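Here's the structure we're looking at; comments come further down.
So that the names make sense, note that chain A is the first sequence line, chain B the second, and so on, each numbered from 1. Computation of the quantities below employed the complete heavy-atom set of this structure, encompassing side-chain atoms and omitting hydrogens, waters and symmetry-equivalent molecules. Just so you know, these numbers come straight off a predicted model, no measurement behind them.
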Amino acid sequence: MNKVLAIGSAVVADAIRRKVVWVVVVFAALLAFAIPTLPSYGVGVVEGVYKEVVIALMFAAAFVVTLALAATRIPSEVERRTVFNVLSRDVRRWQYLLGTWFGIVVVSGAALVALTAISVAAAAVVYHAALIELFAATFAVWLEMGVISAFAIMMSTRMGSVTSIVGATAFAFIGHSLGSLFAGASGVPRWYVPSLDVFNVIDPVAYGTGYGIGYALGMVGAFLAWSALLMLIATVMFEGRDL
Amino acid sequence: MSASQPVVTPQTPAIVIEHARKGYGSAAVGRKDAVSDVSITVSRGAIHGLLGPNGAGKTTTLKMLLGLVRPTSGRFEILGRPASAAGTRSKLGFLPEQPYFPTQLQAAEALRLYGQLAGLTKSMIAEQTPLLLEKVGLEGKETQSLSRFSRGMLQRLGLAQALLGSPEVVVLDEPASGLDPVGQRDIRNLMLELRTQGTSILLSSHQLSEIEAVCDEVTILNRGMVAAVGHIDDLLNVEGQASIRARGGNELPAGVRPYVTQTAVSGGVWVLSVAKSDVRGVVDAFDDAGWTLDSVTPKRDSLEDYFTRLLETPEAGGVIQ
């Protein structure tokens, strides 16, 4: 476990020094402060709209950060051969992948918390309201980013950065469409269709009362199942690769 | 220790590679072997050189040993244990050819990361970092960013990370690459120091002088196969020939000339090659002529001559010894 944490820490340090996270968070924070300047909010829904836009902004920012790290890390390490110094030691390839994923999940989580805190502060200043329920959306987006980073890592074990970014974007899009495509009309309960829709909590957070502990546990279960499956496939793919 | 674990004794070779093979492609598109059949045994406490022209399969062989490339077939052992088994490579240090590091790190941070991956504790890393940096000539560079390191400095840092945790076996791929002559000498001395401490070294290098200066044994690869293997003296000594150095005149004595197979003269010193069976007669002839003999030794090729000659022979893919 120490080796996984060491690799994860290196990913976090690298992300901090590469400034990708800062740029994205600062840009998103500026946008968050700009949201209240948008005109034509209906009376009584202004905070709901603010929360919806903030959640969309959080998703977009976290998505950029996640892909910038997850889709590029392994191709870059292989190309620059820095991976030799890691994998020639007594480090298994699954440890390397898990550590990389872990580091990215930590970074995207930190970026999301920072962005949410800024958004909550902006709402407090503009609306004089404490919209701390936004952190419930942060949790859902963070879990989804964990799944998307696992997919991007899986692709990048065999493919280049650009292909992995395109693939992970398609995965996110299709992942959110699956529930609508296969559930409902066919009579299949939505929960039985493996999709990323479980992480979509815009409605309950922006316009409702949030979600309960049962739903949160369901999201954690989906996060663990998706991530474990994708990291397992990633390990099999990476094990067979010559470096 | 369970019954299934191999018994490791001090005599157990440091590295065993048997019939390593790595093929690329498929039968449909044509199969090509980067390594066809390579076997190498590195004795404990020895420096074993791995030589070969570009494309001979040296780096691929090392990568198979280190788990970076999946072998098509073959057996790979480090200190008596399968190289791919968990824990085996914790006793091994590796310096890749032209090592690269995350350039955003400082030297001490890089060693901390690789120390953690080697399973060292924080206190061990803190203790070893300044010692290793000093050993490779990077003392005082702990906090310098690697983005400001020259190629030679990165090479030295690569060596330091390979030596973290005092590994029993070290694999060095072109360790002198990018170093100036002083740096090359330092690396050579460091390898000899490691051998004195009992560390086994597998050294892949293009620098024949380096191999000749430090290696006990060599394996020469060509076209993915072992072209020659053995103790460096056995390989370089010319069978049945002796080398005589003598001084005493501008022309060889008449009694010597019939025995000489090769001759060279420089600064009044003659160097002759003669058959070992003729040494007694040559020495007597020099004595009769009043010359001074400096030395009589078995005739020895330079590694460069041996290497060049070996690769020029049509049967260079065969095992000489």
Task: A/Phe223 atom CZ: more than 12 heavy-atom contacts under 6.0 Å - done: yes
Open item on the list: Determine whether a donor-acceptor pair (N or O, by modelled atom type, separation under 3.5 Å) exists between the side chain of B/Arg89 and the backbone of A/Leu87.
Closed with: yes
- [ ] Check the surroundings of atom CD1 in A/Ile132: do more than 12 heavy atoms from other residues, nucleotides or ligands lie under 6.0 Å from it?
- [x] no
Task: Smallest separation among heavy atoms of A/Lys3 and B/Leu117, with atom names - done: CE-O, 3.3 Å
Task: Any A/Ile7 side-chain heavy atom under 4.5 Å of B/Gln116 side chain - done: no
Task: For chain B, the option from A/Ala10, A/Ser76, A/Ala13, A/Ser88 that forms the most heavy-atom pairs under 4.5 Å - done: A/Ser88
TODO: Examine whether an atom of A/Arg89 lies under 4.5 Å from a heavy atom of chain B, and if so say whether it belongs to the side chain, the backbone or both; otherwise answer neither.
DONE: both
Task: Contact winner vs chain B - A/Asn2, A/Asp14, A/Val83, A/Val91, heavy-atom pairs under 4.5 Å - done: A/Asp14
Task: B/Arg70 versus A/Asp242, closest heavy-atom pair with distance - done: N-OD1, 2.8 Å
Task: B/Tyr24, OH atom: more than 12 neighbouring heavy atoms under 6.0 Å - done: yes
- [ ] Would you mind checking which part of A/Arg241 comes under 4.5 Å of any heavy atom in chain B, side chain (CB onward), backbone (N, CA, C, O), both or neither?
- [x] backbone
Task: Which portion of B/Lys91 sits near chain A, non-hydrogen atoms under 4.5 angstrom - done: neither
Open item on the list: Tell me which of these, B/Pro102, B/Ala86, B/Ala85, B/Gly119, has more heavy-atom pairs under 4.5 Å with chain A than the rest.
Closed with: B/Ala86
Open item on the list: Shorter than 4.5 Å, heavy atoms on both sides: which option in B/Leu113, B/Leu66, B/Val171, B/Leu68 has the most such pairs with chain A?
Closed with: B/Leu68
Open item on the list: Among B/Ser84, B/Pro99, B/Gly87, which residue has the highest count of heavy-atom pairs closer than 4.5 Å to chain A?
Closed with: B/Gly87
TODO: Give the member of A/Val4, A/Leu5, A/Asn85 that has the highest number of heavy-atom pairs under 4.5 Å with chain B.
DONE: A/Asn85
Open item on the list: Looking at A/Lys51, I want to see if its NZ is surrounded by more than 12 non-hydrogen atoms of other residues, nucleotides or ligands under 6.0 Å.
Closed with: yes
TODO: Quick one: which of B/Leu95, B/Thr60, B/Val69 has the most heavy-atom pairs under 4.5 Å with chain A, could you say?
DONE: B/Val69
Open item on the list: Is it true that, when you exclude A/Trp226 itself, more than 12 heavy atoms of the residues, nucleotides or ligands shown sit nearer than 6.0 Å to its CH2?
Closed with: yes
Open item on the list: Can you confirm whether more than 12 heavy atoms, excluding those of A/Glu79, are under 6.0 Å from its CD atom?
Closed with: no
Task: A/Arg81 versus B/Glu97, closest heavy-atom pair with distance - done: NH1-O, 4.0 Å
TODO: Let me know if A/Gln95 has heavy atoms under 4.5 Å from chain B in its side chain, its backbone, both or neither.
DONE: neither
